[in-house]
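Quantities reported herein were computed from a predicted structural model and do not represent experimental measurements.
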Amino acid sequence: MAHDNKPLTRRRLLRTGAGITAAGVLAGCTGGGGDDPTDTSGGGGTATPQPGGSLSIGQAKSGVHFDPIRQMSVPALLVANRMYSSIYTYGEGTDLEPQIATELPEVSDDGTRWSFDVREDAYFQNGDQVTPEDVAYSIEQPVVEETQLAADFNMVNSVSVDGQTITIDLDFPYAVFQHSLTQNVVPKSVREETKTDVGWTEGYVGSGPFELVEFREGEHAQLASWSDYWGKAPNLSEVEFVPIPEPTTRLTSFQNDEVGVIQDIPPKLWGTIEGMNDATIFERPAISYFYGSFNCNEGPTTDPEVRRAVDLAFSMDDAVSNFVEPAGVRVNSPIPAAVADTWDFPTDEWADIQSDKNVDEAKAILDDHEEIPADWEMNIIVPPDNKREQIGVTIGNGLNEAGYGANVQRLDWGTYLEKFLTGDPNDYHMYVLGWSGPPDPSDFMYNLFAQDMAGVNQGHFYENDELDGYINQARESSDREERKELYEKAVPIVLEERVNLPSYTLKNTWAVKDYVTDFTNHPIGYINPRLVSSYNNVGVQ
């Protein structure tokens, strides 16, 4: 079935608000994923998992909705990925394995035709069979409805169904398309009957191992194992996700056994958990990128010299050392270290582009700038996350040293997601945010720097046709060496122009009580916590 295959423009996406892709997501609190499938982090209790039992999981934020056709933030995906089955999923590393598909896809030599069969023994939780039409609908609908997921599928020219076989034709050999196929599958008929103007908001039906029993935003999401699940039966009979945003409270709940697992270990509480004799920390490198980004749309930070002055006013090295480690590590480019290493990018050269702290030089630049008044106060917005707030405060302190001020605002998640896309200097001169995605440079470079993503996934509105050309050429090429060369031209522009100030990458961190068995830490953050997979099945003793 063909659909409108016009490029998804910023204007079209802006109608729907902040965009977040299926392949990559704006980082809520958890890290992204490591690229090394051999990284050791699995384990949990050593006893043989037993069927039955319940588990409470303390997450750092609450989800808002669980509609796979629209963007779900990381907090929502932690819950939703237990409710739905996807076309493909990840194995222990970042390679795909079939879930609703029967086998890995066949791909044409030019990378523009993808085909696979849909298994016949998969069912939704209402008893209906999962059909190829449901799969096609789940691929096409983000573009049809112009949702925030559309950027993952707007290169799809057509989706055809022949028996159990699905064939997808692309306009160009999109390098990250395999990750788009980790899309969760929804029942077309149910969603069409129950969705509202803002999307699917209740009556969720998936084909995953757990059913949603009750969801109260900000309070809990309660799941029960689905007794007729078509795949491997989960050991757990009940799972409750409890949002506990305040880190100390999250730790206290963990210490008191109110929850058996907690997400996102705060750096200052790391030692406390390490000292517990009935708990284990699971950590592994992440594919994520956290940064400070300037408003290049309007106001004094449109001038690259002002952005350079801000960079000179503080030390990002010290900020990451003081407030992020050991939960994360310093990065020097928008391409996460795990991906940069795989692609053999010149990260040492990129690190040299960034400035060492030099307050005198920063002050001289700002003092001489005709648009900077003597009482200038920079607006910096940060999400409700201590690490990112402390990065913002460090920048503000640097400006104070240079004789200027800073107003650092910590906003709730929903307000932040709306505000950082306005391009209005009254809202922000700078924002601190993160991105988590699959192991490919395209997901980071396109979503965070392409001009089409302005007001969608990036709020800096920086425009540079040369940079935009490199990013889009790389996105539409299947030649890895050509793509590498294009990114090696693009990244220095971002760094030299101080569009972003790279900050850190998080580790995926979970603390788990020893009575929880067979817990593993997947390299892609929003896949966690994996309760049932091809290689594990979490239980409690």
Geometric class of the Tyr204/Trp200 ring pair [parallel <30°, tilted 30-60°, perpendicular >60°]
perpendicular
Drop me the distance from Asn184's CG to Ser85's OG, to the nearest 0.5 angstrom.
8.0 Å
Nearest atoms (heavy-atom pairs only) where Gly405 meets Asn400
CA-OD1, 3.5 Å
Parallel, tilted or perpendicular: which describes the rings of Tyr174 and Phe172, with under 30° parallel and over 60° perpendicular?
perpendicular
Would you give the length of the straight line joining atom CD1 of Ile372 to atom CG of Asp368, rounded to the nearest 0.5 angstrom?
11.5 Å
So that I know where these two stand, are Phe66 and Phe215 an aromatic pair - ring centroids less than 6.0 Å apart?
yes
Keeping Arg307 on the side-chain end and Arg498 on the backbone end, is there a donor-acceptor pair under 3.5 Å?
yes
So which atom in Pro247 and which in Leu269 form the shortest heavy-atom distance, rounded to 0.1 Å?
O-CD1, 3.6 Å
Shortest non-hydrogen contact from Ala340 to Ile335?
N-CG2, 3.9 Å
Would you say Ile69 and Glu145 make side-chain contact, with heavy atoms under 4.5 Å?
yes
Residues Lys61, Asp385: salt bridge by 4.0 Å N-O rule:
no
Please work out which of the three classes, parallel, tilted or perpendicular, describes the rings of Phe420 and Tyr416, given edges at 30° and 60°.
parallel
May I ask you to check whether over 12 heavy atoms, not counting those of Glu349, lie within 6.0 Å of atom CD?
no
Does the side chain of Tyr487 reach to within under 4.5 Å of the side chain of Ser442, using non-hydrogen atoms?
yes
Just say parallel, tilted or perpendicular for the rings of Phe177 and Phe153, cut-offs at 30° and 60°.
perpendicular
Roughly how far apart are Asn295 CG and Thr301 OG1, rounded to 0.5 Å?
4.5 Å
Would the His460 and Phe449 ring centres measure less than 6.0 Å apart?
yes
For Val310 and Met430, which heavy atoms make the closest approach, and how far apart are they?
CG1-SD, 4.4 Å
Taking the six-membered ring where the residue is Trp, are the ring centres of Tyr289 and Phe444 under 6.0 Å apart?
no
I'd like to know whether Asp427 forms a side-chain hydrogen bond (donor to acceptor under 3.5 Å, both in side chains) with Asn379, so could you lay out the CA-CA distance, the side-chain angles of the two residues, the decisive distance to 0.1 Å, and finally the verdict.
CA-CA 7 Å; Asp427 289 337; Asn379 294 324; over 6 Å; no
